[in-house]
Amino acid sequence: MDHIPVIDFAKIAQGTGNEQNWETISEEVRKACHGIGFMYILNHGIRKETIESAFEESKKFFQLPQSRKNDFPLDAANKYRGYTRSGQELLSPNSAFEFREGFAVVGINSPQKFPEELLTFKKALFDLEKECNVLTRTLLSLFGKALGLPDENHFLNANLGLTDASIANRVTLRTHWYPSINKDITIPSNSVRCGEHTDYGVCTLLFQDSMGGLEVRNSAGQWTPATPIADTVLVNLGDIMEIWTGGLFKATGHRVLIPEEEIRRRTPRQSIAYFVLLDDDCMITPLKSTKNYTFKENFESMSFAEFLDKRLGDTYQY
Ligand SMILES: O=C(O)CCC(=O)C(=O)O
Ligand SMILES: [Fe+2]
């Protein structure tokens, strides 16, 4: 499957779906995971107002003076919460410079500091975080069903911190701002908006504005645009899913280039990602077999905290 399928969750909305509907949707999810590793979800249950407000409030934050944004720096000591300036993060070792800013909220009830002149920004991110959390739990059940796991709650049990704040879990809502690139800016060669990478966790929920620009590497190695589709959330798999399933479900590479056309270069782009990870002390132990599959084991088991710290440490430039 080389295109990104659209999967309609209407039949299982708010937990009302019957068993047959769950089977049908989990089969569509299985095909997407087995294929391109990306899917658009329609009727996902996250309110349009919540998403719009998170975009509008993020824009207000990113339009603050640079010196004010720098008051909320992201660093390893505060668990990668807060603001990243352009160039601070290199998602691909091949990028010379990545033109994007970000602001991350980590964990449920994150103790993240926010600018007190923009408390609406805080509310908007927390509201979106809560609604993403609900959709995530549906997805985690569907992944278990799709793989035919003996315990369909396997993935939910690896993410108890999504509902229990006493369990360390660094689930991250991150809002991104790709600034306009004006003619007077010198762009080093090999610069991008977001370098090619795979996400680290189980899966990512992505909201993008209407600008487009995200590209996904399909199984033939070609770049396919992940064009924004109104009212959908784009979901992609991360490294943990690939490790767990011995490569059966793919963590697909993706990137955002600097647009060729002058008009699109000069227009900022926004996206918001909700990175679903694992509880910090969950051991990543590849699955051996399920009702449907037998997996190759190719990974020494380690705690998720250890895995994530290494991946994040490789990404940020100080
Ligand atoms: O901005 C986008 O569309 C993609 C962002 C992304 O892939 C990421 O932050 O991991
Ligand atoms: Fe990503």
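Both ligands and their constituent atoms are indexed starting at 1 by order of listing. In what follows, every heavy atom counts, from backbone to side chain, and hydrogens, waters and symmetry copies are set aside.
A salt bridge links K145 to E152: one of the charged nitrogens lies within less than 4.0 Å of a carboxylate oxygen. Of the charged side-chain nitrogens involved, at least one lies within less than 4.0 Å of a carboxylate oxygen, so that K60 and E57 count as a salt-bridged pair.
Residue contact check: L206 has heavy atoms under 4.0 Å from atoms 3 (O) of ligand 1. Those atoms of ligand 1 with a heavy atom of H176 less than 4.0 angstrom away are 9 (O). Near F275, the atoms of ligand 1 lying under 4.0 angstrom from a non-hydrogen atom of the residue are 8 (C), 9 (O), 10 (O). For ligand 1, the atoms closer than 4.0 angstrom to any heavy atom of D199 are 10 (O). Taking a cut-off of under 4.0 Å to the non-hydrogen atoms of S271, the atoms of ligand 1 that pass are 1 (O), 2 (C), 3 (O).
Nearest protein heavy-atom contact of atom 3 (O) of ligand 1 is R269 NH2, 2.8 Å. Among all protein heavy atoms, the one lying closest to atom 10 (O) of ligand 1 is H197 NE2, 2.9 Å.
Judged by distance alone, the side chain of R81 and the main-chain N or O of V106 form a donor-acceptor pair under 3.5 Å.
On a distance-only criterion, Q208 and ligand 1 share no N/O pair closer than 3.5 Å.
Only the side chain of H254 comes within 4.0 Å of ligand 1, judged by heavy-atom distances. Residue contacts with ligand 1 for L91 are absent, since no atom lies close enough (heavy atoms, distance under 4.0 Å).
Relative ring orientation between Y293 and H34 is described as perpendicular, the plane-to-plane angle rising above 60° on a 0-90° scale split at 30° and 60°.
A donor atom on one side chain and an acceptor atom on the other are found under 3.5 Å apart for T198 and D239. A donor atom on one side chain and an acceptor atom on the other are not found under 3.5 Å apart for D231 and H44. For the residue pair R311 and Y200, no side-chain donor N or O sits within less than 3.5 Å of a side-chain acceptor on the partner. Judged by distance alone, the side chains of E98 and S95 do bring a donor and an acceptor atom under 3.5 Å apart. Side-chain contact, S92 with H197: no donor N or O sits under 3.5 Å from an acceptor N or O.
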Query raised in the report: Passes ring pair (Phe, Tyr, Trp, His ring centres under 6.0 Å), W244 versus F155? Steps please.
Result: CA-CA 10 Å; W244 257 336; F155 298 130; 4.8 Å; yes

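Note that CZ of F249 and CG of L237 are 7.5 Å apart. Values are rounded to the nearest 0.5 Å.
I4 and L257 end up in different hydrophobic clusters when Ile, Leu, Val, Met, Phe, Trp and Tyr side chains are linked at under 4.5 Å.
The Fe ion (ligand 2) has H197 NE2, D199 OD1, H254 NE2 as its protein N, O or S neighbours under 2.8 Å.
In this comparison of W177, Y178, F207, the heavy atom closest to atom 4 (C) of ligand 1 sits on Y178.
Under a 4.0 angstrom heavy-atom cut-off, R100 registers as being in contact with ligand 1.
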